[in-house]
Amino acid sequence: MSKPIVLFTWNLYTVHTIAHLFNIERFYDGAQSSNNTLEGVLSSIGNGDGDWVNPIRSKHETQSSICFTTIAGVTGVVITLALILMITSSTEFIRRCYFEVFWYTHHLFIIFFAGLLIHGVGRLVRGQTSESLDSNRYEDCHNKYTTWIKTKGKDGNDDDDDDDKCFMPSFEGNAPMTWKWILAPIILYVLERFLRFYRSQQRVVVIKTVSHPSKVLEIQMQRRGFKMEVGQYIFINCPSVSQLEWHPFTLTSAPEEDMFSVHIRSAGDWTDNLFKVFQEKADNPPRLAVDGPFGTASEDVFQYEVSMLVGAGIGVTPFASILKSIWYKFQNEDHRLKTQKIYFYWICRETGAFAWFADLLRSLEQEMITSGKDGFLNYRLFLTSWDSNIAGHAIINFDVPTDAVTGLKQKTSYGRPIWENEFSKVAEAHPRSTVGVFLCGPQALGKTLQQCCHQYSSMDPRKVQFYFNKENF
């Protein structure tokens, strides 16, 4: 849920709650008023029947009785607490550091919607009946409350004489309306859950697992009827770790392959436990349930003439799928490939993180040289954290054709990219192209790239245009 939506929802809900608290206070003041005031007379209506307008029926009742003894009050308190817990547990800090807290408290939405559904059943909000409006119009009668007649025609005169008199008003509860607004979303959600449950019950076969450096686990799987596109992701559930938790992971395989794979970095309790389970059951991998695949912005990478792919850390995973697919397209001589050039940037803190991806880049290098398209892929690897040993080793092997860290022909850069320089080079090399910029990384980097897209896009629509696409993690 985006921040503007959360803020708008919370502000709207706060206004609604405060308005009701003011109403309760007015009800209490009216119940304490004497019968020679309009509030007192209105509060005395309906003592013997259901015509009341003031829910506080006795001078001894307090404001708390409305909040904790009525359906509207109890459900209002419950859904308010549920909403507060859901919003506070959705903060980025909680989601990243205590994902289980976010996961379980977010399911309070069931209590929230259940409470919302029955919130108006008690019909605490009431209005004057249509029949009563004919005999007691506010404009004509609100100043004549001391002469209101309790029953129409009570004095025995003809009913025609009653037209100029004001009678005691009658009230009725307004029909609950909330269900009309939430019933359709609830039905859609239930249908979606049934669909996900059905898909998750399909048998998934783990055909291979590989443990990579920097605590990255690769899982290769097969499922009948599974079809994917580049850059998509799936939800994975491991019952041996948790029966309820589902976590999203980007697919690192290509659509052309006969299996699908994910690379999972150990970054929390669930992923740590998943590592342990796969290590303990190496010969007989635990059962996995898979839901998906689902689309992301990276699916559109082949729709651009030029693409800039930016991955940070494990955020390189969607681009693994893209680069693998390119490798297969080259092998199969796919002439439908619209993309003419790809710039790939990978930013990492540790040298070990490069290891699992280096083989793919090495294969791509060889395939592009063989096919005569060695200029198709321009990739840059950036190491943001290094020690004196790595730096010294790089200096000693400066003249070696391959990189000392990755073994690739493209040398590793130390530090962070200067994005203004990178965008400027791309704009100069492709002055009349449409460039898609794809990011899988932190929001701070996304803001920088988005600014560069605006800065280096030409005012002339016939010239270079940068379009930003992001996939935050």
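Nothing fancy with the numbering, it's 1 onward along the sequence.
Distance OH/Tyr343 to OH/Tyr379: 15.0 Å, rounded to 0.5 Å. A distance of 9.5 Å separates OG1 of Thr17 from CG of Leu12, quoted to the nearest 0.5 Å. A distance of 10.0 Å separates OG of Ser253 from CG of Asp258, quoted to the nearest 0.5 Å. Note that CZ of Phe113 and CD1 of Ile79 are 10.0 Å apart. Values are rounded to the nearest 0.5 Å. Leu445 contributes atom CG, which lies 5.0 Å from atom CG of Leu439 (distance to the nearest 0.5 angstrom). The line from CH2 of Trp346 to CZ of Arg380 is 15.5 Å long, rounded to the nearest 0.5 Å.
A donor-acceptor contact shorter than 3.5 Å is absent between the side chain of Thr384 and the backbone of Gly415. Between the Gln232 side chain and the Leu251 main chain, no donor and acceptor come within less than 3.5 Å of each other. Without hydrogens or angle criteria, Asp291 side chain to Phe197 main chain gives no donor-acceptor distance under 3.5 Å. The backbone N or O of Ser261 sits less than 3.5 Å from a side-chain atom of Thr252, completing a donor-acceptor pair. With Asn469 contributing its side chain and Tyr467 its backbone, the two residues share a donor-acceptor pair below 3.5 Å. At least one donor-acceptor pair closer than 3.5 Å links the side chain of Thr80 to the backbone N or O of Gly76.
For the pair Lys324 and Tyr328, the cation does not sit on the ring face, since its NZ or CZ is not both under 6.0 Å from the ring centre and inside 45° of the axis.
Under a cut-off of 6.0 angstrom, the local environment of CH2 in Trp103 is crowded, with over 12 non-hydrogen atoms contributed by other residues, nucleotides or ligands. For Tyr13, the OH atom counts as densely surrounded, since its 6.0 Å shell holds more than 12 non-hydrogen atoms of other residues, nucleotides or ligands. In the displayed structure, Ile418 atom CD1 is contacted under 6.0 Å by at most 12 heavy atoms of other residues, nucleotides or ligands.
Asn237 and Ser242 make their closest contact through ND2-O, 3.0 Å (heavy atoms, listed as atom of the first residue, atom of the second, distance). Pairing each heavy atom of Arg416 with each of Phe382, the nearest pair is C-CD2, 4.1 Å. The minimum heavy-atom distance between Arg123 and Arg126, with the atom names listed, is O-CG, 3.4 Å. The minimum heavy-atom distance between Ile24 and Ile56, with the atom names listed, is O-CD1, 4.3 Å. Residues Ser433 and Val306 approach most closely at CB-CG2, 4.0 Å, considering heavy atoms. For the pair Leu309 and Leu323, the tightest heavy-atom approach, listed with the atom from each and the gap, is CD1-CD2, 4.5 Å.
At least one side-chain heavy atom of His20 sits under 4.5 Å from a side-chain heavy atom of Val125. Considering only heavy atoms from C-beta on, Lys227 stays 4.5 Å or farther from Pro255 through its side chain. With a 4.5 Å cut-off on side-chain heavy atoms, Met228 and Ser321 count as touching. Looking at Val262 and Met221, their side chains come closer than 4.5 Å, going by heavy atoms from C-beta outward. In this structure, the side chains of Lys281 and Ser240 come closer than 4.5 Å at one or more pairs of heavy atoms. Here the side chains of Phe468 and Cys452 are not in contact, with every heavy-atom distance at 4.5 Å or above. When side chains are defined from C-beta on, Glu245 counts as touching Tyr104, because their heavy atoms get closer than 4.5 Å.
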Stepwise, does the side-chain contact (heavy atoms from CB on, under 4.5 Å) test hold for Ile219 with Phe278? CA-CA 10 Å; Ile219 305 176; Phe278 270 92; 3.8 Å; yes
Please lay out, stage by stage, how Met308 and Tyr345 fare under the test side-chain contact (heavy atoms from CB on, under 4.5 Å). CA-CA 8 Å; Met308 296 177 66; Tyr345 306 86; 3.8 Å; yes
For Val205 and Arg203, what are the C-alpha separation, side-chain angles and deciding distance, and is it a side-chain contact (heavy atoms from CB on, under 4.5 Å)? CA-CA 7 Å; Val205 179; Arg203 185 169 178 263; 3.3 Å; yes
Residue pair Val301, Thr339: steps toward the side-chain contact (heavy atoms from CB on, under 4.5 Å) verdict: CA-CA 8 Å; Val301 65; Thr339 307; 5.8 Å; no
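Between His107 and Phe109, the ring-plane angle classifies as tilted under the 30° and 60° cut-offs. The aromatic rings of Phe319 and Phe344 sit perpendicular to each other, their planes meeting at more than 60°, with 30° as the lower class boundary. Using bins of under 30°, 30° to 60° and over 60° for the plane-to-plane angle, the ring pair His106/Phe102 lands in the tilted bin. Trp419 and Phe423 have perpendicular rings, their planes meeting at more than 60° on a 0 to 90° scale where under 30° would count as parallel.
Take His119 and apply the ring pair (Phe, Tyr, Trp, His ring centres under 6.0 Å) test, not counting sequence neighbours, and it matches no residue.
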Mind listing the side-chain donor-acceptor pairs of residues 455-464 below 3.5 Å, one per line with the distance, residues two or more places apart or on another chain?
residue	atom	partner	partner atom	Å
Tyr456	OH	Glu420	O	3.3
Ser457	OG	Cys453	O	2.6
Ser457	OG	Phe466	N	2.9
Ser457	OG	Phe466	O	3.4
Ser458	OG	Asp460	N	3.1
Asp460	OD1	Arg462	N	3.0
Asp460	OD1	Arg462	NE	3.2
Asp460	OD2	Arg462	NH2	3.2

Using residues 81-89 as the side-chain source, report each donor-acceptor pair under 3.5 Å to any protein atom, sequence neighbours left out, with the distance given to one decimal.
residue	atom	partner	partner atom	Å
Thr88	OG1	Ile84	O	2.8
Thr88	OG1	Leu85	O	3.2
Ser89	OG	Leu85	O	2.7
Ser89	OG	Met86	O	3.3
Ser89	OG	Thr105	OG1	2.6

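The ring of Tyr304 has its center no closer than 6.0 angstrom to the ring center of His430.
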